[in-house]
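Position 1 is the first residue of the sequence; numbering continues from there.
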Amino acid sequence: RDGDILVTSMTTPDYVSLYSRAAAVVTDQGSILCHAAIVAREYGIPAVVACQDATAQLSNGDVATVTVSRQGGTITQE
């Protein structure tokens, strides 16, 4: 749904259509130059990559906040 956080192990070009609806992107794998980070930057939404276990910690329907700064990102589960 619009405004949801996209949480996945990693993204591919197939995910691009979801970025326009997502409030943020969180991935288990990646780096600052991975697909998820680059496309999120293009869409102007926050991305936290290389979390290692985000898909294990967050489930569909969970409420969370993603905060990103130049020092890094955090995901706070509410």
Please name the pair of heavy atoms, one in A37 and one in A47, separated by the smallest distance, quoted to 0.1 Å.
CA-CB, 4.4 Å
With hydrophobic residues grouped by side-chain heavy-atom distances under 4.5 Å, do M10 and V49 end up in a single group?
no
Could you list the donor-acceptor pairs under 3.5 angstrom formed between side-chain atoms of residues 20-32 and any protein atom two or more places apart in sequence or on another chain?
from : atom 1 : to  : atom 2 : distance (Å)
S20  : OG     : S17 : O      : 3.3
R21  : NE     : D2  : OD1    : 2.9
T27  : OG1    : Q29 : O      : 2.6
D28  : OD1    : A54 : N      : 2.7
D28  : OD1    : T55 : N      : 3.1
D28  : OD2    : T55 : OG1    : 2.5
S31  : OG     : L33 : N      : 3.4

Rounded distance (nearest 0.5 Å) linking atom OG of S59 with atom CD of Q77
7.5 Å
Does any part of the side chain of P13, heavy atoms only, come nearer than 4.5 Å to the side chain of H35, both counted from C-beta?
yes
OH/Y43 to CD1/I38 distance, rounded to the nearest 0.5 angstrom?
14.0 Å
Just so I know, are the side chains of Y19 and T11 near enough to count as touching, which here means a heavy-atom distance under 4.5 Å?
yes
For A64 and E78, which heavy atoms make the closest approach, and how far apart are they?
C-OE2, 4.1 Å
Working to the nearest 0.5 Å, report the span between CG of L58 and OG1 of T8.
12.0 Å
Check each of V7, I75, I45, T74 against V66 using the side-chain contact (heavy atoms from CB on, under 4.5 Å) test, and report the only one that passes.
I75
